[in-house]
Colleague: 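Starting off with a structure, shown below.
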Amino acid sequence: MDQVLVIVESPAKARTIKKYLGKGYKVKASVGHIRDLPKKELGIDLEKDFKPKYVNDRSKSKILKELRDEASKSNTILLATDMDREGEAIAWHLNEILKKTNVPAKRIIFNEITRNAIMEAVEHPRDIDMKKVDAQQARRILDRLVGYLVSPALWKIFYRGLSAGRVQSVGLRLLCEREDEIRRFVPSEYWNIDGILKNAGGEEFPARLFKIEGKNPEIKDSETAHAVLSEIRKETLLVEKIQDREKARNPQPPFITSSLQREAAGRLGFSAKKTMMLAQQLYEGVSLGEEGSVGLISYMRTDSTRVSDEAMRQGREYIGKNFGKEFLFGENRGFKKAKMSQDAHEAVRPTDCFRTPEDAGRFLNKDQRALYALIWQRFLASLAAPAVYQVREVDISAGPKYSLRANGRRMKQEGFLAIFPDRGGEEDVDIPDLSQGEKVSIEKFDASQHFTEPPSRYSEASLIKELEDKGIGRPSTYASIISIILARDYATREGRSLKPTELGEVVWKSLSAIFNDIFEVDFTARMEAELDKVEESDEKWQDVVRFFYEPLSADLLSFKDRQDDLKKSFQEESDVLCELCGKKLSKKWSRNGPFLSCSGWPECKYSRSMQEEEKLDRQCPECSGRLAYKNGRFGRFIACSNYPKCRYTEAISIGIPCPLEGCGGMITEKQTKRGKVFYGCTRSPSCKFASWDKPVAEKCPACGSPFMVMKSSKKKGDYLICPACKHEVTP
């Protein structure tokens with residue numbers, strides 16, 4: 001029997017598509033990229049027009065064998081990877097590997113994983129779009145050049161293992177420059193004057209000082225504020241002008257990648273990485289009981305607000321049936337195209353508006369359900385009528401010098417807000433009926449002191465918006481930019497804010513000193529535009545790479561001459577003296593953070609942590625020196641204070657014996673390479689006990705297990721759970 005082999009990236013996507021294609025089709029997953037540039041070498045021939053060297057992913061050997069075997073049994077191969085540049089590049093790599101089977105391969109694309117979309121794609125296969133492949137190849141080569149040529153420069157100044165990225169470093173730059181703004185900010189004092197007025201009928205309403213002699217008030221100190229307040233209280237207050245009008249507020253367009261990430265951060269508290277992970281699951285397909293695996297949303301990597309005529313028709317039909325025709329916008333609404341938009345794909349939307357969050361939510365986990373509801377509501381709201389407010393604006397004179405203003409607002413028509421309410425929506429403010437020339441009185445009027453605020457740190461949402469506005473990165477890169485900055489410990493989260501670490505700031509200072517031109521915001525944005533031109537066939541990808549490489553290579557040559565001076569500039573001399581030779585200690589950097597090292601290095605190899613050692617009332621069993629707590633790559637540990645002469649170390653026990661029978665070790669707190677805390681045994685690696693949750697020396701009342709672990713959730717608070725039988729106990 002003839003067979004058509006369909007290749008996608010993920011097993012989840014394969015399951016969903018297989019359901020629609022049925023017999024005669026074999027659907028297999030490549031599980032992402034199957035070949036790439038080599039990991040242990042540059043893999044780019046700089047002398048041969050940046051020719052890349054691609055190697056097969058060794059971890060995918062079994063998958064590649066299965067794909068070759070299935071291809072040899074087929075008469076056609078359909079490459080159904082994602083519809084962006086990266087998906088096109090994966091399709092091309094698959095085609096290059098499977099060429100030897102002599103089975104013809106075609107490319108199919110679809111914006112959503114539904115029966116109609118899949119069957120339409122299968123009926124209209126096309127060739128691989130080499131313009132997209134070239135654009136992605138150029139991007140990959142540029143990123144490799146930065147990673148393999150710029151990162152070693154950081155190693156020579158600080159330590160091996162630091163990394164720089166073409167777009168990631170610009171993101172770090174924005175964080176560090178904002179932090180500098182915050183440090184330099186000098187607050188200035190200002191005063192507002194506002195309070196409550198009432199009309200002759202005793203009806204109260206809020207008002208604020210609006211003008212002084214026709215100009216905006218600028219009150220800088222308490223003395224001026226109270227003098228103004230005193231003068232206003234002496235005047236007769238008369239209604240000078242009343243303006244009633246309607247104000248329409250239009251809905252936002254359906255989501256693009258960046259706005260989805262921002263709104264999910266604001267409404268749901270999701271990181272950009274988590275949002276994209278969940279969106280990928282909703283796109284690829286989620287099992288809906290007897291209905292099987294269903295793709296719930298359209299493709300989630302997009303910069304276009306455009307939607308298909310069919311999706312718009314279905315959305316309008318849903319609103320008309322469930323909310324009423326008065327909630328519909330009069331005609332199909334179009335949204336302004338963003339300046340840098342490629343407009344290649346539709347906006348992020350539900351694949352079926354009649355599959356409500358309540359219907360689908362029964363089969364989704366909490367986070368999937370929340371994100372699907374967000375996408376569903378935003379799309380339908382974008383097709384709905386504006387919200388209409390009745391606005392009243394009243395100007396009140398207080399003598400010839402001062403003018404007060406009262407603003408009122410009441411919702412007249414709910415419109416799209418019935419579908420997608422605001423977060424913490426504003427309450428109506430009523431202004432009573434007033435007439436021109438009417439006298440009003442002061443019920444309460446006060447002056448309040450304020451200070452200007454420094455610019456706020458970027459959140460994930462605001463950083464994504466800044467990157468998008470400046471044309472840096474593309475929809476598929478925003479989440480990874482932030483994830484890498486955090487993973488490298490260049491920034492940390494403080495609440496929802498991103499704060500650069502000391503390491504992040506010194507890394508950016510060094511990059512700006514060596515490679516400031518290639519990490520300029522405008523230069524990076526121009527590179528993104530040049531990569532777009534490759535896809536549009538206006539430029540050769542080699543020319544774009546050369547445009548970037550030439551200033552990079554010039555910077556690298558210059559760095560060789562300045563390397564020693566730059567390294568010294570990042571080693572701050574302290575007032576602390578070396579305990580071995582008496583010379584001053586200098587601040588240096590290692591994988592474990594900053595430390596103090598003797599300025600007489602390499603003759604004197606003394607070094608110590610920047611943190612004060614917390615000494616223990618115990619002696620070292622090897623040299624009788626005093627033991628102390630120290631910080632290492634994998635968290636805190638106990639070591640001899642006579643290091644480096646004595647290298648005795650031991651793990652810090654949390655006071656619980658290892659629960660594995662016959663072990664005899666103790667449980668200790670440890671850290672992974674990325675700083676995540678876990679709990680293991682002092683006899684590791686011979687003992688394999690490990691737990692992400694903190695063990696507690698409390699016997700399980702249900703099954704008698706010798707220990708339980710501590711958990712925490714918003715609903716339950718802190719509680720204990722038995723890892724053996726899952727019995728829960730509230731401490």
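Keep in mind it's a predicted model, so treat the numbers as computed, not measured. Numbers here simply count residues along the sequence, with the first being 1.
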Colleague: Picking from Lys106, Lys132, Arg107, what satisfies salt bridge (charged side-chain N to carboxylate O under 4.0 Å, His left out) with Asp127?
Modeller: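 In the set Lys106, Lys132, Arg107, the residue that makes a salt bridge (charged side-chain N to carboxylate O under 4.0 Å, His left out) with Asp127 is Lys106.
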Colleague: Counting C-beta onward and ignoring hydrogens, is there a side-chain heavy-atom pair between Leu531 and Leu142 closer than 4.5 Å?
Modeller: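 A side-chain contact under 4.5 Å exists here.
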Colleague: I want to check a possible cation-pi pair here: Arg85 against Trp92, using under 6.0 Å from ring centre and within 45° of the ring axis as the test.
Modeller: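 Verdict for Trp92: no cation-pi partner in Arg85.
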Colleague: Lys688 side chain to Pro685 main-chain N or O, any donor-acceptor pair under 3.5 Å?
Modeller: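 It does hold such a pair.
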Colleague: Checking Arg262 against Glu468 for the salt bridge (charged side-chain N to carboxylate O under 4.0 Å, His left out) test, could you report, in this order, the C-alpha distance in whole Å, the side-chain angles of both residues, the deciding distance, and whether it holds?
Modeller: CA-CA 11 Å; Arg262 295 198 303 270; Glu468 182 183 33; 3.1 Å; yes
Colleague: Does any non-hydrogen side-chain atom of Trp541 lie less than 4.5 Å from one of Arg139?
Modeller: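 No - every pair of side-chain heavy atoms lies 4.5 Å or more apart.
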Colleague: Please work out whether the ring planes of Tyr299 and Tyr283 are parallel, tilted or perpendicular, with thresholds of 30° and 60°.
Modeller: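 Correct class here is perpendicular.
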Colleague: What I want to check is whether the side chains of Tyr372 and Gln281 have a donor and an acceptor closer together than 3.5 Å.
Modeller: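 Gln281 and Tyr372 do not have a side-chain donor-acceptor pair below 3.5 Å.
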Colleague: Below 4.5 Å, heavy atoms only, C-beta onward: do Met276 and Gln280 meet side chain to side chain?
Modeller: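 They are not in contact (no side-chain heavy atoms under 4.5 Å apart), so the answer is no.
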Colleague: Please determine which of Ile17, Leu5, Val122, Thr76 meets the side chain to side chain contact (heavy atoms under 4.5 Å, CB included) test together with Tyr25.
Modeller: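 So, applying the side chain to side chain contact (heavy atoms under 4.5 Å, CB included) to Tyr25 and each of Ile17, Leu5, Val122, Thr76, only Val122 qualifies.
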Colleague: Show the numbers, then the answer: is there a ring pair (Phe, Tyr, Trp, His ring centres under 6.0 Å) between Phe523 and Phe547?
Modeller: CA-CA 11 Å; Phe523 182 80; Phe547 176 75; 5.6 Å; yes
Colleague: Name the atoms and distances for all side-chain donor-acceptor pairs under 3.5 Å in residues 108-118, with sequence neighbours left out.
Modeller:
{"residue": "Asn111", "atom": "ND2", "partner": "Glu346", "partner atom": "OE2", "Å": "3.4"}
{"residue": "Glu112", "atom": "OE1", "partner": "Arg349", "partner atom": "NH1", "Å": "2.9"}
{"residue": "Glu112", "atom": "OE1", "partner": "Arg349", "partner atom": "NH2", "Å": "2.6"}
{"residue": "Glu112", "atom": "OE2", "partner": "Thr114", "partner atom": "OG1", "Å": "3.0"}
{"residue": "Thr114", "atom": "OG1", "partner": "Ala117", "partner atom": "N", "Å": "3.4"}

